[in-house]
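I have placed the structure first, in the form of C-alpha cells, so that the comments after it can refer back to it.
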Amino acid sequence: MASDIKRVKGDVLLEIKNLVIDGKSDDEWKPIIRGIDLTLKRGEVLGLIGESGAGKSTLGLAGMGYARPGCRITSGTINFDGIDLVAASEETRRGLWGSRIAYVAQSAAASFNPAHHIIDQTIETAVGHNIMTREKAEADARDLYKRLQLPNPDTIGLRFPHQVSGGQLQRAMTAMAMSCRPDLIIFDEPTTALDVTTQVEVLAAMRNIVEQFNTAAIYITHDLAVVAQMAHRIMVLRYGNLVEEAPTREMLKQPTQEYTKSLWAVRKLQKPETTSDDIILNIDGVDATYGGGTSKVLDNVTVKIPRGTTVAVVGESGSGKSTLARAITGLLPPSKGTISFNGKALPAALANRDRDTLRRIQMIYQSADTALNPRQTVRDIIGRPLEFYLGLKGAANDRRVVQLLENIELNESYIDRYPGEMSGGQKQRISIARALAAEPELIICDEVTSALDQIVQEEILQLLMKLQKETNVTYLFITHDIATVRAISDEIVVMHRGKVVQQGLKSKVLNPPYPAYTELLLSSVPQMDPDWLTGLLAKRSAKV
Amino acid sequence: MHPVLKTVLQRLGLGVLTLFAVSIIIFSSLQMLPGGYAQNILGQGATPETVKNFNHELGLDRPAYVRYVEWIGNAVQGDFGNSYSGTTGTIKRSVSAIIAPRLYNTFFLAAMAAVVAVPLSLLLGVLAALYRNSWYDRIVNSITLTTIAMPEFFIAYLLMFFFAVKHRWFYSLSTVSESTSFWEHVNRATLPALTMTLVIIAHMMRMTRASIINLLASPYIEMAQLKGVSKSQVILRHALPNAWAPIATVIAFNLAYLVVGVVVVEVVYVYPGIGQMMVDAVSSRDMPVVQACALIFAATYILLNLLADIVSITTNPRLLHPK
Amino acid sequence: MSTDTTAPLRNIKARRTTLENIVRNLKTAPVSAWFGMIVILIYAIFAIFAPWLAPHSENEVIGKAYEHGSSLALLGTDQIGRDLYSRLIYGARNTIGIAVITTLVSFLVGGSLGVLAALKRGWLDQGVSRVVDAFLAIPVLIFALMMLAVVGKSVVNLIIILALLDATRVFRLSRAVALNAVVMDYVESAKLRGEGMGWIVFKEIVPNILPPLITEFGLRFCFVFLTISALSFLGVGVQPPTADWGSMVAENKTLITFGNPAPLYPAAAIALLTVAVNFVVDWFLHKTSGLRDGK
C-alpha cells in the first residue's frame with residue numbers, strides 16, 4: 001500500500017475545509033479542532049497521528065459528518081463526494097453511514113451489541129438499507145470473514161461477541177464496515193487495545209482487504225510505526241492544529257517540523273550497556289498463585305539483578321511481569337522459591353519486613369493519577385517517606401523536599417500543589433521523587449511510561465537515567481514496550497505465560513539467535529520502515 | 001447444567017435464605033427486650049404471678065426455638081396465631097382472619113397505583129432520557145426532585161384539601177367494606193391511589209431516565225448510529241434487548257417502595273388496609289399481628305427484588321450464550 | 001545524597017486557601033442550590049433561637065381549641081388551644097435535632113464499620129455484610145414500626161432503632177466507596193512503605209471518601225427526617241406534648257375536613273426542608289462526580 005503510491009489517482013472523495021469543532025468542558029465551549037483542511041482521494045489511505053488531546057478522533061468522525069455528544073461543528077465544510085455533510089439532513093447522513101462511509105472503533109468488545117449474533121450485526125446495514133437480500137448478505141459476510149482470515153469463517157458469525165477473542169472481534173468489525181463496500185472507512189485506533197503479536201495479524205488483514213476493494217480510509221492512531229504500514233499519506237495533529245502533512249515515505253525520511261521529529265525521539269535514546277557481578281536481588285525458582293489457586297501466575301521464575309543496572313522485564317498481558325513485582329514487594333508471597341536482597345533472604349510477606357528493608361526497595365507505578373493521593377500536596381507526598389524512614393521533620397523536611405524537586409527538574413513552587421494541579425509528566429516526576437526520598441537501592445518501575453505521551457516518555461526515561469548515574473540506584477523496569485526496553489535497559493528478561501523465556505544482556509537478547517517466543521515478540525513490534533509489515537509477512541509465509 | 005438455570009437456582013436459593021434470615025429477625029425481635037415482653041406490657045407493678053400467667057397464656061414460657069418452628073411452620077400455611085387483643089376474654093381472634101380482607105384492600109390499592117404509575121413513569125422517563133437537557137427534561141427534573149423530597153402525608157393532605165374539601169370531587173375518607181362494589185371501591189380509593197402514583201412516578205421516572213441514559217452511552221449504541229441504523233431501530237433492536245435488566249430493577253424497586261408507602265397513605269385516608277392495621281397493632285403492642293404484617297411486607301419486598309434479578313439473569317446474553 | 005541543613009528555606013508562594021475555594025464554588029452555584037442553602041440557614045436559625053423567636057412557649061395554652069389565625073396566634077391554635085406558630089418554631093428544634101442526632105449516630109456506626117470491612121476484608125467483611133444484607137431485605141419503616149411495638153415508644157428508642165437501621169445503608173455505601181479507594185495504588189504505596197493501619201485509614205482513605213459521604217449524609221438525613229416524621233405522624237414516634245412536626249400533622253388532621261389548612265403547615269415545613277437539602281445535595285453530586293448528562 002505505502003509502497004504503491006501511484007495506485008492513488010482517483011478523484012477527490014472527501015474534502016474538509018477550515019473545520020472548527022468545539023467541545024464542552026466545565027460548561028464552556030472550547031475548540032478541539034481549530035481550522036483544519038483535509039483532502040482524501042478515492043482508494044487513498046490517510047493516517048491521522050497525534051497524542052492524546054490532538055483531536056484526531058474528533059477529526060476522523062467529522063469525516064462522517066458526526067460529532068460526539070458534547071461536541072459541535074462550529075464552522076467549515078465537509079464535502080463527501082458532492083454532498084455537504086454539515087448542511088445535509090440527519091436522514092441523508094444516516095443513509096450514507098454504514099453503506100458509503102463506515103466506522104471501525106477502538107474497542108470491538110464494547111462496540112458490538114452483546115445481545116445479537118456477530119453475523120446479524122455484520123449485515124445489518126446491507127439488509128436494513130435494502131442493498132442486499134439477507135441470504136446474499138450472509139454469504140458475502142462469510143466470504144469477508146474468510147478474506148480477513150478469521151478461523152471457521154462459515155460458523156464464526158453465529159457466535160455472540162463475548163464468545164470470540166479481541167483480535168477476532170476487531171477483524172469481524174472490519175468485515176461489518178466492509179459489508180456494503182463503502183467508499184470510505186474510518187479506522188479509530190483499531191489495534192491499540194491489542195497485544196503486539198495479535199496486532200500484526202489484524203493490521204495485515206485490514207490492510208489487505210482495504211487494498212482488495214480499493215477503499216479509501218482514514219487511519220487514526222498514536223503509533224507512528226503502525227501508521228507507516230497502513231497509510232499513503234500522514235497528517236500530524238497537535239492541540240487541534242495540523243502540524244505537518246506529507247506522503248508516508250517522505251515524512252519518515254525527513255520530517256520538517258520539530259514536533260514531528262520529537263515524536264520518535266525515544267527510539268533514538270540509547271543507554272550504553274553496563275553490568276556488574278554484585279547481585280542486589282536474586283529471585284530463585286519462584287512460583288506464585290492468586291487466591292491459593294492451582295494455576296501458576298509465576299512458574300519457576302529465576303532472575304538475577306546486578307547492582308546499579310537497569311533490568312527490563314518484558315512480556316505481553318498475562319505474562320506475569322506485574323505479578324513478579326508483587327512477589328518482590330511482598331504483596332503476593334511466593335508459594336515456592338526464595339528472593340534474596342543484598343545476599344540475605346527477604347521475608348516472603350510484607351508484614352514481616354523491617355522498615356529499613358522496606359526503605360531500600362521502592363516502587364513507581366504506571367499511572368501517577370492513582371499512585372498519588374489526590375488529597376495530599378507534594379509536600380505531604382514527598383515529605384512522608386522522609387519523615388517515616390529518615391526522621392526528617394519541619395524545616396529540614398521542607399528543605400529536602402525542595403532539593404528532591406530540583407533533582408526531578410521541578411522548582412520549589414510545586415511544593416504546595418495537589419496532583420490534580422499538575423500535568424501527567426509532572427505527576428510521574430513526583431512519583432519518582434517520592435521513591436527517591438527513601439534513598440532506595442532498588443526501584444521497581446511498573447510500566448512507568450506507558451500512560452504518557454511520546455515526548456514526555458522520553459523526558460521521564462532521561463530523568464531516570466540521570467538519577468541512576470547520580471545515585472547508582474538499580475531499576476527493575478517492567479514494560480510491554482520493546483522500544484523503551486531498547487532505550488534504557490542493560491539486561492532483558494523475556495516472560496511468557498508466567499515463565500522466563502530468556503534473560504541476558506541487551507546486546508544478546510535483541511540479537512539472534514532467538515528462542516522462538518522472543519523472535520515472535522520482537523518481530524511483531526512495528527518498525528518505522530513502511531515496508532516492514534510486507535517484509536515480515538513474506539518472511540513468515542516463507543517459513544510455513 | 002445451563003448457566004442461566006444454575007444462576008437462577010442460586011438466586012432462588014439466596015432468596016429463600018434471605019426470607020429465612022428475615023423471619024428469624026422478625027421472630028426474635030420479641031426476645032430482645034430486657035426484662036421480657038410481659039413485664040413491659042404489664043408494667044413494673046405486676047406481680048411475678050401475673051407475669052407468669054401472662055407468659056403461659058401466650059405460650060411465651062416455652063423455649064424460643066420451639067416457638068419459632070411452630071410459628072414459621074404455621075405461617076407458611078397461612079396461620080399466624082391469635083391476636084393478643086381479646087386474649088383476656090374467651091373469644092380468640094385469628095390473625096389470619098383479621099388480615100385477609102385487609103390484605104386484599106392493600107393489594108387493591110397498590111395495584112391501582114401501579115397500573116397507572118408504572119407505564120406512565122417508564123414512558124415519561126424514557127422521553128426525558130431521549131430528550132435530555134431539553135426544557136421538558138429540566139422541568140421534569142425539578143418537579144420530580146421536589147416531589148420525592150416531600151413526605152407522603154403532605155401530598156396526601158394537599159390532595160385531600162383540594163380535591164375532597166375545597167372541591168368535593170372525591171371522598172376524603174376511603175371507607176370500604178366487603179360489601180363495597182368494585183367500581184365503588186375504585187372510586188373511594190382514588191385519592192390514596194393518586195397520592196401513591198405521584199410519589200412513585202417521581203422516583204421511577206428519575207431512575208428510568210438515569211438507566212436509559214447510561215444504556216444509550218454504550219459504545220455499541222454509537223456504533224449502531226454510525227452504521228446508519230434508523231433512530232427507532234437503534235432503540236428497538238440495540239437498546240431494548242439490553243434494557244430489560246435495568247427496567248426490571250427500576251420497577252421492582254418502586255413496587256417495593258409502593259408496598260411501604262401504603263402504610264402512611266392508608267392512615268391518612270383511613271383506608272382499611274394492612275398498613276393501617278399494623279400501625280394500630282403497634283400502638284396496642286399486639287405482637288402476633290405486628291409480626292405477621294412485618295413478615296408479609298418483608299416477603300413482598302424480597303419477592304419483588306428476586307423477580308427483578310431473575311429477569312436480569314434470563315435476559316443477560318453472556319449467561320444465555322456461554323462460551 | 002546529603003541535606004544541607006544550613007541552606008535557608010526560600011519563600012514558597014502561598015496557594016489558594018480552603019476558604020477561598022469555598023467562596024469560588026459558591027459563586028458558581030446555581031439558583032436552586034442558593035435557594036436550598038438559604039432555606040437551611042433559616043431553619044437552623046429558627047431551631048437554635050426558638051425560645052427567643054417564638055411568641056409563646058412550647059406548651060402554653062393561649063386560647064380555645066382550633067381558633068383561626070389572629071394577631072394573638074398567627075396561624076391559629078391547636079386541639080387544646082396552643083399557639084400553632086410557636087409550636088412550629090419549637091418543632092424545628094425538636095424534629096430536626098432528633099433527625100440530625102440519628103443520622104450522626106448512623107454514620108458513626110455504619111461508616112466506621114464500612115471502612116473497616118473494606119480494608120480488612122476476610123471474615124469481618126463477610127460476616128457484617130451478610131447480616132446487613134438480611135436487614136436490608138426489610139423496609140426501614142416496617143422494621144421501625146415492629147421494633148417500636150416491642151420496646152415501646154420513646155425518643156431514645158426511636159433514635160437508637162432508626163440509627164441502627166440506617167447504619168446498614170450507610171455501611172453498604174461507605175464500604176463500596178472505601179473499596180474503590182483501597183484498591184488505589186497510593187494505598188498500596190503506603191502499605192509498601194510500612195505505614196500502620198491508622199495512617200492508611202485517616203490519611204490515605206478517609207480524605208478521599210469524604211466528599212461522597214458528605215453528599216450521602218444529606219440524603220440519609222432527608223430519609224431519616226422523613227421516616228421520623230412518618231412515625232410521629234403515625235403516633236408511634238415523638239410523643240406529646242413535645243412539639244414535633246409529624247405529630248402536629250396528626251394532632252390537627254381533623255381540621256382539614258373543615259377546610260382549615262392547619263395540618264398542612266407542619267407538613268409543608270417538613271417538605272420545604274427536605275426539598276432544600278435535596279437541591280443542595282443535587283448540586284454537590286453534580287460538582288463531585290464531574291459527570292454531566294449528555295457526555
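Letters go in sequence order (proteins before strands), and every chain restarts at 1. Just so we're clear, the structure is a prediction, and the values are computed from it rather than from any experiment.
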What's the shortest heavy-atom distance between [X] and [Y], and which atoms?
X      : Y      : answer
C:R193 : A:F388 : O-CE2, 2.9 Å
C:L192 : A:L358 : O-CD2, 3.4 Å
A:Y365 : C:E188 : OH-OE2, 3.0 Å
A:R375 : C:P211 : NH2-CG, 3.5 Å

Quick check on A:R434 against chain C: is it the side chain, the backbone, both or neither that has a heavy atom closer than 4.5 Å?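 A:R434 touches chain C through side-chain heavy atoms alone.
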
Is chain C contacted by the side chain of A:L331, its backbone, both, or neither, given a heavy-atom distance below 4.5 Å?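 It is the side chain, since no backbone atom gets that close.
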
Do A:R384 and C:K203 have side chains that approach each other closer than 4.5 Å (heavy atoms only, starting at C-beta)?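 Answer no - side chains too far apart.
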
Would you check if A:Q376 and C:Y186 make a side-chain contact, meaning some heavy-atom pair closer than 4.5 Å?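 In short, these two side chains do not touch, never coming nearer than 4.5 Å.
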
Do other residues, nucleotides or ligands put more than 12 heavy atoms under 6.0 Å from A:K466 NZ?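 Yes, the 6.0 Å shell around NZ holds more than 12 heavy atoms from other groups.
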
To the nearest 0.5 Å, what is the distance between [atom1] ([X]) and [atom2] ([Y])?
X      : Y      : atom1 : atom2 : answer
A:M363 : C:D185 : CE    : CG    : 7.5 Å
A:L372 : C:M184 : CG    : CE    : 11.5 Å
C:K191 : A:L350 : NZ    : CG    : 8.5 Å

Relative to chain C, which of A:G330, A:P374, A:A438, A:A368 shows the most heavy atom pairs under 4.5 Å?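 The candidate making the most pairs under 4.5 Å is A:P374.
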
